[in-house]
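The block underneath contains the structure these notes are about, expressed in structure tokens.
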Amino acid sequence: MYARLDKFGDLISYLILPHYFLTREHWNNTTIPLEPVTEFLQNWSTDTTWDYSSPSSHILEDSDVTTSATSSSRNDQPVVSKPGAMESQVVALNSDIHRWRKCSISEIVKILQLRLLFFSAGNIREHEFFSRKFDAELMPIGRHGLTAGWLIESLGALLDSDKVRNIKCKQLGSDGFVSQIMRVTVEFKNNQKHKYIVKMPETTNIKAALEMTTNQKMPEGADEQFIGGLTMFFNREVEFYLMDKIPGLRLPRCFHSQQWNHGKTTGAIVMQDLEGMVSVPYYESLNLQQIASIGCQMLNLHLFSIDLSDDWKQKFPFPMEFIDTVSSMTDIVKLYVSRNPELEETFSRVEKMYSSRELFVKVLRDSHEALEIDTFLCHGDLWFYNLMWIPTVDGSEEASNHLGAIIDWQNVHTGSIAEDFCHMLTFCCDTETRRLAEKVFLPYYFKLLQAKAKDAGKELKMTLNQFMRAYRRNFIAHALHLPFITSIMLCVKPADDEIVQQNRNQQLLRKVLGAWDDALDAFHEEYPDFCL
């Protein structure tokens with residue numbers, strides 16, 4: 001390598017130019033008195049401006065988030081940069097050439113040291129080492145070409161580089177299937193600290209999850225098949241944070257976002273760190289009070305959706321990529337059934353439903369339109385790990401009944417008013433709790449939405465019967481989707497103890513069987529003439 005660099009200047013240029021390296025108790029008592037439940041729902045129905053007076057109240061207070069003098073004039077509007085405003089090339093040191101022109105000689109020496117270290121150590125992903133030894137701006141954030149320098153530049157007035165003493169970053173263990181999540185801690189010279197979450201799209205996690213589930217190695221580059229859909233979903237979340245804020249909806253604040261252009265621009269969202277909030281594990285069940293807390297957020301989303309503007313409808317149409325995903329999950333579900341013979345009899349009755357893409361289109365995309373119900377905004381993935389809860393006490397990992405925020409808006413779209421309830425109740429509740437919520441909570445929710453719409457001078461153009469039928473139709477798809485995700489989660493997040501793992505699996509098997517049974521009933525009632 002060095003023999004071909006016959007001039008010292010060539011060596012310096014080569015070293016400096018950019019490279020591409022770089023337990024709760026769930027509510028299973030089906031004899032709950034209706035009066036206390038109704039009273040609780042009524043209390044929560046006004047919960048749109050909750051003051052977070054719990055021990056963890058500071059988590060979402062604006063005083064804990066650095067604000068900019070150039071923030072939008074909209075009340076509490078997140079500080080967001082337009083996509084492309086601070087686009088980064090997909091290189092680990094994406095500003096080196098610019099830095100060559102503006103840096104002092106000492107800074108250039110630092111860059112030279114960094115390149116020399118690569119040859120001697122062969123590893124430039126040791127974040128802590130670099131944050132201590134070299135200019136913090138060179139530290140990579142994740143594995144997709146972003147650096148601390150990019151973060152400082154992107155956040156602009158929020159981060160005065162002259163006042164930054166150090167920057168550290170840590171990958172969170174709660175990465176999603178299609179994202180890498182980094183927690184970035186910015187230390188200032190006055191000893192203050194601010195934390196941010198940087199979310200970047202990637203396909204390696206979903207590939208690894210499928211390999212663990214099937215016990216088969218996927219071919220190199222097989223994850224490339226997910227890039228097209230993932231690009232659409234990630235950029236959809238970027239667009240969502242750029243839209244006008246939905247009143248009362250609890251979200252992490254977004255400080256900067258840039259769209260993903262594969263091979264050209266790294267997609268990224270910089271948002272508020274919700275450290276201290278917790279999620280409910282996938283093998284547990286929400287209780288009715290937690291469902292009501294989620295319902296209060298759905299109330300804000302649905303009120304906003306009545307007479308939804310064309311701008312929202314055009315930017316967030318129903319994603320047919322979602323249909324493609326759920327209609328191609330049969331092999332994983334069959335594998336799950338083969339590992340659990342007790343599922344075989346019921347699966348034989350629903351198996352044909354899995355092979356009908358037409359059915360998924362009918363129940364997911366078209367079910368509300370066939371009932372002459374208007375289109376509403378949907379989160380699209382309202383389940384355990386996208387629901388962040390205030391803990392029971394500060395520092396606890398146990399969730400209270402108070403929802404703190406809804407995250408991960410990658411699948412936001414227009415669709416059925418019942419979709420998010422179908423997904424949440426199917427995926428996050430045991431069968432008994434789900435059925436109770438369907439019987440008690442959903443009718444109460446509809447009446448409350450009807451009253452709130454009237455108070456707001458809006459008209460909810462549907463009846464309770466239409467609302468419940470929309471739920472039953474949409475529920476079919478989520479009941480079929482459930483064992484697919486269950487199978488993956490058992491492999492990706494297994495228990496350390498084998499007996500505990502077996503108990504979890506038994507709980508989830510009962511949930512799958514209950515969902516399949518109810519889906520069959522709904523299918524025969526709502527689509528008696530549909531031929532599989």
Side-chain angles (χ1 to χ4, degrees), residues 172-181 201-219 222-227 229-230 233-234 279-286 321-344 346-347 350-351 353-355 360 364 380-387 407-408 410-411 422-430 477-496 498 500-516 519:
L172 296 186
S174 56
D175 275 356
F177 287 129
V178 291
S179 303
Q180 184 184 28
I181 311 294
E202 68 172 25
T203 59
T204 52
N205 287 345
I206 185 62
K207 177 185 176 184
L210 292 173
E211 288 178 341
M212 282 190 277
T213 303
T214 60
N215 289 325
Q216 294 181 353
K217 184 74 174 175
M218 294 180 69
D223 53 332
E224 296 289 320
Q225 64 181 298
F226 305 117
I227 287 177
L230 177 55
F233 284 118
F234 184 85
S279 56
V280 178
Y282 74 93
Y283 46 83
E284 294 191 7
S285 174
L286 300 179
E321 291 85 349
F322 184 49
I323 297 286
D324 296 335
T325 299
V326 297
S327 62
S328 60
M329 59 190 174
T330 310
D331 290 342
I332 298 292
V333 174
K334 285 183 177 179
L335 181 62
Y336 182 56
V337 172
S338 70
R339 293 170 178 171
N340 300 279
E342 53 265 63
L343 295 177
E344 290 178 356
T346 308
F347 178 68
V350 300
E351 185 173 3
M353 299 168 73
Y354 279 95
S355 59
F360 283 106
L364 276 176
D381 193 16
L382 198 67
W383 85 305
F384 286 117
Y385 297 107
N386 293 332
L387 299 166
I407 63 172
D408 196 358
Q410 292 186 122
N411 196 25
C422 290
H423 195 78
M424 181 266 293
L425 293 177
T426 305
F427 279 69
C428 303
C429 300
D430 58 40
H478 300 280
L480 296 175
H481 193 190
L482 176 62
F484 174 79
I485 296 298
T486 297
S487 177
I488 290 177
M489 294 306 296
L490 283 166
C491 296
V492 172
K493 291 182 177 289
D496 295 330
E498 185 176 347
V500 174
Q501 178 76 348
Q502 291 174 356
N503 290 336
R504 286 182 187 174
N505 186 44
Q506 288 302 312
Q507 293 174 4
L508 294 169
L509 286 175
R510 289 193 291 271
K511 183 160 76 170
V512 168
L513 286 170
W516 277 349

When you measure from the side chain of Tyr336 to the backbone N and O of Thr486, does any donor-acceptor pair fall under 3.5 Å?
no
Got a second to check how far Ile407's CD1 is from Leu382's CG, nearest 0.5 Å?
11.0 Å
Determine yes or no for a side-chain-to-main-chain donor-acceptor pair under 3.5 angstrom, with Gln501 supplying the side chain and Leu490 the backbone.
yes
Hey, is the main chain of Tyr282 close enough, under 3.5 Å, to the side chain of Tyr385 for a donor-acceptor pair?
yes
Go through the side-chain N and O atoms of Asn340 and Glu342 and say whether any donor and acceptor fall under 3.5 Å apart.
no
How close do Arg504 and Pro494 get, heavy atom to heavy atom, and via which atoms?
NH1-C, 4.0 Å
Out of curiosity, Asn505 CG to Arg510 CZ, how far, rounded to the nearest 0.5 Å?
10.0 Å
Derivation of the side-chain contact (heavy atoms from CB on, under 4.5 Å) call for Leu387 and Val280:
CA-CA 8 Å; Leu387 299 166; Val280 178; over 6 Å; no
Using modelled atom types and a 3.5 Å cut-off, is there a donor and acceptor pairing between side-chain atoms of Ser487 and backbone atoms of Pro483?
no
Would you say the side chain of Leu480 lies within less than 4.5 Å of the side chain of Tyr354, judging by non-hydrogen atoms?
yes
Are Cys428 and Glu284 close enough, and set up right, to give a side-chain contact (heavy atoms from CB on, under 4.5 Å), and what steps lead you there?
CA-CA 7 Å; Cys428 303; Glu284 294 191 7; over 6 Å; no
Rounded at 0.5 Å granularity, tell me how far CG in Leu286 sits from CG in Leu425.
8.5 Å
Check whether any side-chain heavy atom of Phe384 sits under 4.5 Å from a side-chain heavy atom of Ser285, and report yes or no.
no
Check whether Asp430 reaches the backbone of Gln507 with its side chain - one donor and one acceptor, N or O, closer than 3.5 Å.
no
Rounded to the nearest 0.5 Å, what's the gap from CD on Gln216 to CG on Leu210? Could you check?
10.5 Å
Nearest 0.5 angstrom please: Met489 CE to Met212 CE, how far?
10.0 Å
Does the plane of the ring in His481 sit parallel, tilted or perpendicular to the ring in Phe322? Use 30° and 60° as the thresholds.
perpendicular
Please report the C-alpha distance between Ile332 and Thr213 in whole Å, then the side-chain angles of each, then the deciding distance to 0.1 Å, and finally whether the side-chain contact (heavy atoms from CB on, under 4.5 Å) criterion is met.
CA-CA 8 Å; Ile332 298 292; Thr213 303; 4.2 Å; yes
Of the non-hydrogen atoms in Asp324 and Ser328, which two are nearest, and what is the gap between them?
O-OG, 2.8 Å
Does Gln410 reach the side chain of Ser179, with side-chain heavy atoms less than 4.5 Å apart?
yes
Where do Phe347 and Val333 come nearest, in terms of heavy atoms and distance?
CE1-CG1, 3.8 Å
Is there side-chain contact between Met424 and Trp383, with at least one heavy-atom pair below 4.5 Å?
no
Using side-chain heavy atoms (C-beta onward) and a distance below 4.5 Å, is His478 in contact with Leu364?
yes
Could you tell me whether a side-chain N or O of Thr346 sits under 3.5 Å from a main-chain N or O of Leu343, the two making a donor and an acceptor?
no
Approximate separation, where rounding is to 0.5 Å, of Asn411 CG and His423 NE2:
8.5 Å
Exam field: side chain Lys511 to backbone Phe427, donor-acceptor pair closer than 3.5 Å
yes
Heavy-atom closest contact (Met353 atom, Phe360 atom, distance):
O-CE1, 3.8 Å
